[in-house]
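Everything quoted here is computed from the prediction, not taken from an experiment. Just so you know, ligand 1 is whichever comes first in the structure, and atom 1 is the first atom listed for that ligand. We number each residue from 1, following the sequence as shown.
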Amino acid sequence: MKKTTKEYSLNDLPVFFRSQNYEELKNASLFILKKDEKNFDALNSLAVAYKNLGNTNKAIEVFTHLVNLNPKKDFIYSNAGNFFFDIGKAEQAQQCHEHAIKLNPKNWNSLNQIGVIQANKGKNEEAINYYKKALSVNPKEEAIYITMANSYRALENYSEAAKYYDFSSKKLSKCQQLECYYMLGDYENFYKKLDEFSKNSSPHPLAATLSAHAAIRFDKEDNYNFCNDTFSFIQKTNLYKVKDYNDSLVEDLLNCFNRLKISTKAQSLLTNGVQSTGNIFLVEEEPIQKLKKIIMHKIDVYKEKMASKKSDFIEHWPKNFFLYGWLIVMNEGGTLGFHMHKEGWMSGSLYLKRPKKLDKYDGDIVFSKHGSNYPTDGKFYEQRIVDINRGDMVLFPSSIFHGTVPFESNEQRITLAFDIIPIE
Ligand SMILES: [Fe+2]
């Protein structure tokens with residue numbers, strides 16, 4: 001029966017949650033909390049709703065309040081842990097997940113997430129132990145197979161990684177598995193699976209990266225048409241030409257980042273630098289949201305401009321995506337090895353601060369068709385250096401490898417890197 005006046009009950013919460021109707025989940029939670037302000041289920045639902053509606057500050061407030069009420073429900077700590085990790089608070093996330101496991105040693109999400117936190121610190125063996133425990137509780141959960149595979153991949157155990165990626169139907173997992181076959185030298189499976197993937201799935205940047213790399217290595221035609229003439233899709237603009245971008249915004253941003261004390265993560269390719277964890281754009285601080293708007297606008301302009309070139313990259317541009325950003329702070333001698341952004345569709349980097357050049361290419365960005373320690377058999381892979389000034393923003397397809405030219409100046413290089421991530 002249709003409700004004439006909006007009245008809600010606790011039974012509505014799981015319904016709205018499952019249908020991802022977060023606006024109604026928020027309304028229902030608030031309705032219940034008016035009568036019963038300490039209702040744990042309603043508080044939990046309210047926090048989850050705020051999180052998914054992008055209202056990060058409210059979500060922090062409600063999750064913190066909820067955890068302080070000390071409920072004896074493990075899923076509440078587990079949800080709070082997921083949230084704190086997403087916003088770059090890894091320590092808080094770990095505490096929440098550990099508490100959840102104390103209350104319920106079979107909370108597989110928290111077991112899996114502690115694994116992810118360990119993996120982020122570069123402790124992949126420890127992470128795998130947690131994933132194994134999580135799988136013993138829930139052997140059907142795809143997310144655990146993916147995190148397990150990722151840790152084996154980070155440990156360069158490609159055969160185990162390939163085995164675990166096989167349990168996932170996600171496009172990224174299929175591509176990660178392809179990469180494992182490539183690294184293992186199992187070219188029969190590599191080309192067989194690449195062929196299957198090309199026929200059955202819409203394009204993916206990682207498949208494009210692998211196909212392009214293998215084509216050069218084996219002197220073959222690259223039949224994976226993600227973006228021909230890849231380097232021509234690299235575009236640089238200087239944000240100081242944009243009305244709202246100026247030194248005071250940059251200063252506000254840097255103050256914001258210092259104040260937030262976001263956790264950092266291990267990044268094996270990064271020397272003399274740190275990388276933030278979580279999505280910086282979830283932080284509801286004015287300078288960050290202002291910058292997000294500028295970047296989103298520039299991405300629209302980029303897409304328009306590139307549309308004249310026929311490519312799957314533009315034609316299959318994701319309908320649904322979100323912007324995911326992180327900081328890379330490098331000190332003297334800093335460098336970042338060649339990598340590509342597997343989870344992104346289009347990537348970018350904005351140079352908030354860059355050191356003075358003591359040598360011609362100091363601190364510039366280099367693009368290449370080779371990276372990630374792929375085997376080359378001595379083949380030549382072209383590179384393109386892009387000269388970087390303060391305020392420059394470079395946009396490019398996520399399939400291109402890129403790295404940083406080491407610099408010797410004692411000034412810091414602060415980059416905001418970002419991806420647009422398709423929602424599958
Ligand atoms: Fe990058």
Task: Which residues share a ring pair (Phe, Tyr, Trp, His ring centres under 6.0 Å) with Phe218, sequence neighbours left out - done: Tyr187
Task: Distance, nearest 0.5 Å, that separates CD1 of Ile87 from CG of Asn279 - done: 10.5 Å
Task: Sub-6.0 Å ring centroid separation between Tyr374 and Tyr182 - done: yes
- [ ] Step by step, work out the side chain to side chain donor-acceptor pair (under 3.5 Å) result for Ser168 and Lys174.
- [x] CA-CA 8 Å; Ser168 165; Lys174 302 252 170 259; over 6 Å; no
TODO: Could you give me the CA-CA distance, side-chain angles and deciding distance for Trp345 and Asp419, then say whether side chain to side chain contact (heavy atoms under 4.5 Å, CB included) is met?
DONE: CA-CA 7 Å; Trp345 183 266; Asp419 284 335; over 6 Å; no
- [ ] Enumerate the protein N/O/S atoms at a distance below 2.8 Å from the Fe ion (ligand 1), ignoring waters.
- [x] His339 NE2, His341 NE2, His402 NE2
Task: With Arg354, the side-chain hydrogen bond (donor to acceptor under 3.5 Å, both in side chains) member among Asp364, Asp392, Asp362 - done: Asp364
